[in-house]
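Step one of this worksheet: look at the structure below.
Below, chains carry the letters A, B, ... as their sequence lines are ordered, and counting in each starts from 1.
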Amino acid sequence: MIINHPILGPRDSAEFTYLGDAAMIDRPDPDTASPQDWHDYAYLRDNPAGTHRELWWHEGGDRSWLVITRNTLTHEISKVEIARDVARKMGRSK
Amino acid sequence: MHSLTPITALGGTAPRVDQVAGVTCTEITDLALASVAARLGKEKACAKALKAVLKAAPPDAGKALLAQPFSAVWMGPDQWMIGADFATHEDLAEQVKATLKDAASVTEQTDAWCGFDLAGDDVRPVMELLCNVNIRAMTGGDATRTSIHHLGCFVICGDPQSFIRILGPRASAGSLHHAITTAMASAL
């Protein structure tokens with residue numbers, strides 16, 4: 001499987017490690033979150049048969065975190081983004 | 001006074017040199033390293049100050065600046081590894097920090113890495129066995145980080161056919177050296 005790194009171009013998937021659902025970027029605000037929010041954030045994940053956004057780490061490469069949109073049925077990768085850019089678009093790390 | 005004997009990454013008193021056919025693998029012992037990471041919101045100031053240090057624009061993604069006295073390799077967005085001659089720049093991190101000030105975090109890296117220079121008639125078959133990098137698509141001044149023998153290594157291309165520099169984790173210098181010499185013996 002080839003992952004088309006947005007900066008470095010196509011790289012072998014063996015260079016990457018998988019973390020999980022990209023929803024982890026969207027951490028609840030510690031000042032306002034309820035215990036239920038934390039429970040949902042820590043334990044609840046969707047398990048879609050189809051398009052899934054997930055976090056991958058380019059461990060054997062430039063060590064960037066990526067948000068990869070992958071079809072869990074076909075393994076087709078439709079989008080690869082730098083996780084930093086995704087998080088900033090969501091208003092994080094400003 | 002202590003009487004200490006400096007040793008190389010492979011534990012010798014002189015750089016290790018291995019030769020197979022027309023290719024030599026030489027341990028690098030004279031390289032000082034420091035990493036530069038721009039601080040949040042100061043990316044432009046960092047790039048500008050780094051340009052003053054390097055006397056050239058910091059390298060873009062997948063590129064290296066092969067120059068004297070300072071060389072540089074792109075590591076990630078707004079991150080670079082700076083290299084210089086150890087004899088004159090043992091305190092490289094301090095020297096770079098003096099110019100970059102609070103625009104970047106500068107970290108001493110000299111003893112975190114070991115390095116090997118592959119040079120000779122044709123190093124490409126060796127690199128093809130060692131890693132995923134498409135060595136035949138590289139040109140002089142290209143640099144990338146990849147896995148060699150399960151170790152995260154920098155591959156810096158001086159000339160894709162005749163000169164490649166590999167930087168890898170110093171604690172695994174023996175394993176990296178083993179991987180390189182094994183590949184040389186197989187490919188050449």
Exercise for review: Would you please test R11(A) and T146(B) for side chain to side chain contact (heavy atoms under 4.5 Å, CB included) and show each step?
Suggested key: CA-CA 9 Å; R11(A) 305 289 290 240; T146(B) 186; 3.9 Å; yes
Review point. Quick one: CG on D60(B) to CD1 on I7(A), what's the gap to the nearest 0.5 Å?
Key: 10.5 Å
Review point. Applying the 4.5 Å side-chain criterion to the ILVMFWY set and letting contacts propagate, would V73(B) and W80(B) be lumped into a single cluster?
Key: no
Check your understanding: Just wondering, are more than 12 heavy atoms of other shown residues or ligands nearer than 6.0 Å to CD in E90(B)?
Key -> no
Practice item. Report, as yes or no, whether the 6.0 Å neighbourhood of atom CD on Q19(B) holds more than 12 heavy atoms from other residues, nucleotides or ligands. Key: yes
Point to revise | Heavy-atom check, side chain of R145(B) versus side chain of L8(A), under 4.5 Å | key: no
Check your understanding: When rounded to the nearest 0.5 angstrom, what distance separates CG in L40(B) from CZ in R84(A)?
Key -> 8.0 Å
Check your understanding: Do other residues, nucleotides or ligands put more than 12 heavy atoms under 6.0 Å from the CG atom of D46(A)?
Key -> no
